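Below: one structure, written as structure tokens.
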Amino acid sequence: MNQQRVVGLMLLATMILGVSASRGLAQTEAVDLRLHYKAGETILYSLSRVYALSVQVGDERRTSTMTFDAREAHRVMDLGADGVILVEMASEDIHAAVDGRACGCGEAPLMMRVRPDGTVSEVLAGEKQTVYPFKLPERAVAAGDAWTERISDNSDGGTYLRTTTFTLASVQRDGDHRVAVIRVTIDGTMSSSTMRGTIRGRGEIQWSVDEGRTLRSNEEWTLETQGVITIAGNAVRVATVIRSTERREPLSGVTPVSTDADLLIVPGKSIGASTLGMTVADLTARYGEPSKSQTEGIRAAKLNWRSLPSAYVDASDNGKLLGLTISDPRFRTDRGIGFGSSEGAVLFAYGMSPSRVEFSIPGVGGVRLLIYNDLGIAFAITADQQHAQRGDSHAPVGAVDWITVFPPGTAANIYTLP
């Protein structure tokens, strides 16, 4: 080998060592993993989940697959002086199917107050949470450091134990931008009087150190159980396997809503082809004779047709149209708000300071109204589980159950305003 080539290889080796050394410094750098959200911002992800279920009962085996694709929105509703973040997490534009058949598989929005270290101080709506978006380390960590989250649940007649271990694999640099790559492993057991099982999983999270948020994540886990149950007096061996995969990827924005005019809700004007300029006689000619109802907590009477929308009328004068209302999930405003939209989505779309009215409908449950009187639109939010559990025709807690439009400034004709 000639001298020139040797010198060239030595220079190349020096460059490689230099790069490695530079990366090595990044690898050993200790970083704080903390939330750095800003009030008023929305962080969007595409969310994809797949569940594959296999059940063996005696000699019979059955399988099923569920897919769930959605846009996941994290809205920063407020940021306190103490750094506590009020954040809403909601799944939107959901496309779910079981064995290829579409299903109305929704998720209730989650509203909570979160400290910068990711611990949840208060859950205002949705399932109980202790950390968000996942267990963050209590101290600065360097590559190779690990921390754990342990969950123990003794409800529902059984015991569930799970340990999730997070390991900082590396801190990658792109100029001044730092990305923490976190490896995740899941290990746990479950047991009841009839069944025993294990859960195993793994995943990876990419976390922006400087922006203080998840960039992307993926996770997969498998739950296997087996036991003996009694069917018609006979002991039968049962085995189940559930495999789950979940992936989040960043989204830069939301595709503008394009709603057919027949399904468009226009504040202060119309719902679909029905307008506030129509008379009750016009609506009756269009939809037929209505039934009439009166809801406690709402001043106006309601005329109901088999075809939507329904109409609010003066309780003492059925001919005086006060407003139109709809709960059909096909109908949306031009800002994408409709049945099932989260409370945070409404506030971000129409303003943070609506008039708020809360009441309970006997036999149905709690309602929270967000009334934009100047715009001529009101959104009824499902306020409790009693309301949500009335069936698929009702939205989850924290989501829009129905929408009313009325002439701007006339909300008091329908609702008792504060």
Side-chain angles (χ1 to χ4, degrees), residues 256-341 346 349-351 354-355 357 359 361-364 367-382 387 390-395 399-417:
V257 176
S258 177
T259 302
D260 188 289
D262 290 339
L263 300 175
L264 185 63
I265 301 171
V266 182
K269 293 185 178 181
S270 60
I271 296 178
S274 301
T275 72
L276 294 173
M278 291 179 169
T279 64
V280 172
D282 293 332
L283 293 170
T284 299
R286 179 185 293 269
Y287 300 124
E289 288 296 326
S291 62
K292 184 178 179 180
S293 62
Q294 184 77 46
T295 300
E296 186 174 322
I298 298 178
R299 300 178 62 182
K302 187 180 177 186
L303 300 183
N304 305 289
W305 288 273
R306 290 185 178 181
S307 299
L308 297 173
S310 297
Y312 283 122
V313 297
D314 190 300
S316 60
D317 183 358
N318 288 354
K320 186 176 181 180
L321 180 64
L322 302 178
L324 298 166
T325 186
I326 194 110
S327 60
D328 189 321
R330 298 174 300 165
F331 288 74
R332 298 268 152 181
T333 72
D334 64 351
R335 302 181 188 181
I337 304 300
F339 177 90
S341 294
V346 174
Y350 290 96
S355 296
V357 176
F359 60 94
I361 302 174
V364 176
V367 176
R368 179 166 55 256
L369 291 171
L370 306 179
I371 303 172
Y372 295 88
N373 200 11
D374 292 343
L375 297 177
I377 192 165
F379 302 89
I381 306 295
T382 299
H387 186 172
R390 292 291 296 176
D392 292 340
S393 62
H394 292 277
V400 174
D401 196 65
W402 77 80
I403 298 174
T404 302
V405 299
F406 48 85
T410 67
N413 291 334
I414 301 173
Y415 305 112
T416 301
L417 301 183

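Quick caveat, the model's predicted, so the values are computed rather than measured. For reference, positions follow the sequence shown, starting with 1.
- For the atom pair CD (E289) and CG (L303), the distance works out to 10.0 Å, reported to the nearest 0.5 Å.
- The number of heavy atoms from other shown groups lying within 6.0 Å of CG (D282) is above 12.
- Closest heavy-atom contact between R286 and S274: CD-OG, 4.3 Å.
- Between P267 and V405 the shortest heavy-atom distance is CA-CG1, 4.1 Å.
- Counting non-hydrogen atoms of other residues, nucleotides and ligands closer than 6.0 Å to CD of Q294 gives a total above 12.
- With respect to L321, the side chain to side chain contact (heavy atoms under 4.5 Å, CB included) criterion is satisfied by exactly one of L283, T275, D314, T279: L283.
- In this structure, CG on L276 lies 5.0 Å from CG on L324, to the nearest 0.5 angstrom.
- Of all the heavy atoms in S341 and R332, the pair that sits closest is OG-NH1, 3.1 Å.
- The CZ atom of F339 sits 11.5 Å away from the CD1 atom of I326 when rounded to the nearest 0.5 Å.
- To the nearest 0.5 angstrom, L370 atom CG is 4.5 Å from I381 atom CD1.
- Counting only heavy atoms from C-beta outward, the side chains of L322 and R299 never approach each other to under 4.5 Å.
- Taking CD1 of I298 as the start and OG1 of T325 as the end, the distance is 7.5 Å to the nearest 0.5 Å.
- The structure places CD1 of I271 at 9.0 Å from CG of L308, a figure rounded to the nearest 0.5 Å.
- Under a 3.5 Å cut-off, the side chain of D401 and the backbone N or O of A395 do form a donor-acceptor pair.
- Relative ring orientation between Y372 and F379 is described as perpendicular, the plane-to-plane angle rising above 60° on a 0-90° scale split at 30° and 60°.
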| request: Show your reasoning for whether side-chain contact (heavy atoms from CB on, under 4.5 Å) applies to V367 and I361. | output: CA-CA 7 Å; V367 176; I361 302 174; 3.8 Å; yes

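- At a threshold of 4.5 Å between non-hydrogen side-chain atoms, the residues R335 and Y350 count as touching.
- Contact record, W402 with S327: CB-CB, 3.9 Å, taken as the closest heavy-atom pair.
- F331 has its side chain out of reach of I403: every pair of non-hydrogen atoms, C-beta onward, lies at least 4.5 Å apart.
- Annotation: side chain of I377 is in contact with side chain of I265 (closest heavy-atom distance under 4.5 Å).
- Residues A301 and K292 share a closest heavy-atom pair of CB-CE, 3.6 Å.
- Relative orientation of the Y415 and Y312 rings is perpendicular, given thresholds of 30° and 60° on the angle between their planes.
- Here the side chain of N373 pairs no donor or acceptor atom with the backbone of P408 at under 3.5 angstrom.
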